[in-house]
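Proteins get letters first, then strands, A, B, ... in listed order; numbering begins at 1 in each.
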There are 2 protein chains.
Amino acid sequence: MSIKSRIRSIPDYPKPGILFRDITTLLQDPQGLRDSIDGLLDAVEGMAIDKVASVEARGFILGGSIARELGVGFIPVRKQGKLPWSTIGEEYQLEYGTDRIEIHTDAVSAGENVLLVDDLIATGGTLLASIRVVERAGGKIAACAVVVDLPDLGGAQKLEQAGYKVISLCEFEGE
Amino acid sequence: MSIKSRIRSIPDYPKPGILFRDITTLLQDPQGLRDSIDGLLDAVEGMAIDKVASVEARGFILGGSIARELGVGFIPVRKQGKLPWSTIGEEYQLEYGTDRIEIHTDAVSAGENVLLVDDLIATGGTLLASIRVVERAGGKIAACAVVVDLPDLGGAQKLEQAGYKVISLCEFEGE
């Protein structure tokens, strides 16, 4: 079974008209979990990577394992107010209003190459905010690596046009 | 450096009088991340484990990697309203009020042995709620494995008295 066929699609979640891609069915399957992590590891092989950063919460499931396999440290990118020490934050637009993500000010050293890992890219808003916060801390983005790309929402294209490498293992398009 | 010496202690967080144990400094260090994950893997070696479950969000960083290394699937235990499909939930007491955690109804099959992984055990409230929800889904608890135990708060003792095995890699006591 492919990664894509292990993802559950849920109509009208979280609201009418949205077809939600649920990766819990992928990750609760031993081969699905391994294929997701190892697929991303294969795709970044040979890249200079000093740290892995992931956005809470689903990104943590993949990012911690990828950091361990690469032999580098892991940085949690968290929602506002969740980190206990001094932080650098970045706001980003939601459909209504704004949200804010943060990292600790000592999470990234100047010049470090950071791999961003998340489960899915849609509009790319959270990943773009994560890129900005890593760069403001002095880091460089090695790539953004996700399991699922939703190209209809344009996030990967937007990041690539801004000069960032985007890696994905499967796509759901026009479905 | 030991795991314990890589954990940052932050006075008066999240409120006056609380000494917060911050594992971000442990996990952003390559050796600290590896020692945490591999230390828990060593401690569960030989146990019958069919799935790993972790509580959002910090538990996911360790749990996903441990599931991959064990060759089993991963189950996210999430706060109320975060899972998109049908769920089983369990309420637990906070200092003021209650909170609720949930898993998908298809996350655990009857008779499966589930290893619960989290970063830290304090009063044990979240872990106990996770145990209950896994058991209501038909699963059995192989053990609860955490990096940090705060024995002054009694959580590990409470779980052990209820018949569950608790594994921890370090303790902060009377400090």
inquiry  = Could you check whether any side-chain N or O of R132(A) sits under 3.5 Å from a backbone N or O of E91(A), counting only pairs where one atom can act as donor and the other as acceptor?
reply    = no
ask   = K51(B), K82(B), H104(B): which one forms the most heavy-atom pairs within less than 4.5 Å of chain A?
value = H104(B)
query = Closest heavy-atom contact between A67(A) and F74(A)?
reply = CB-CB, 4.0 Å
query = By a 4.5 Å heavy-atom criterion (distance strictly below it), what part of I37(A) contacts chain B: side chain, backbone, both, or neither?
reply = side chain
request  = For K165(A), look at atom NZ and say whether over 12 heavy atoms of other residues, nucleotides or ligands are found less than 6.0 Å away.
outcome  = no
ask   = Is chain B contacted by the side chain of S36(A), its backbone, both, or neither, given a heavy-atom distance below 4.5 Å?
value = neither
inquiry  = Are more than 12 heavy atoms, taken from residues, nucleotides or ligands other than Q157(B), located less than 6.0 Å from that residue's CD atom?
reply    = no
message = Taking side chain as everything from C-beta outward and backbone as N, CA, C, O, which of these in F20(A) sits under 4.5 Å from a heavy atom of chain B? Side chain, backbone, both or neither.
response = side chain
message = Checking the side chain of S2(A) only, and the main-chain atoms of S5(A) only, is there a donor and an acceptor separated by less than 3.5 Å?
response = yes
message = Is D50(A) in contact with chain B via its backbone, its side chain, both, or neither, using a 4.5 Å heavy-atom distance?
response = neither
ask   = So what's closer than 4.5 Å to chain A heavy atoms on S54(B): side chain, backbone, both or neither?
value = neither
ask   = Taking NZ, NE, NH1 and NH2 as the nitrogens, is one of them in D119(A) or R21(A) under 4.0 Å from a carboxylate oxygen of the other?
value = no
Interface residue of largest heavy-atom contact number with chain A, from L83(B), L62(B), D29(B), under 4.5 Å = L83(B)
remark   = Answer key: most heavy-atom pairs under 4.5 Å with chain B among P30(A), P84(A), G64(A), G63(A) is P84(A)
remark   = Under 4.5 Å to a heavy atom of chain B? For E56(A) that would be side chain
query = So, E102(B) side chain and G81(B) main chain: donor-acceptor pair closer than 3.5 Å or not?
reply = yes
message = With a 4.5 angstrom heavy-atom cut-off, is it the side chain or the backbone of P76(A) that approaches chain B, or both, or neither?
response = side chain
query = Are I101(B) and Y92(B) side-chain neighbours, meaning at least one heavy-atom pair lies under 4.5 Å?
reply = yes
remark   = Comparing D106(A), T24(A), D38(A), I75(A) against chain B, the one with the most heavy-atom pairs below 4.5 Å turns out to be D106(A)
Which of L26(B), L70(B), V52(B), V72(B) touches chain A most, by non-hydrogen pairs under 4.5 Å = V72(B)
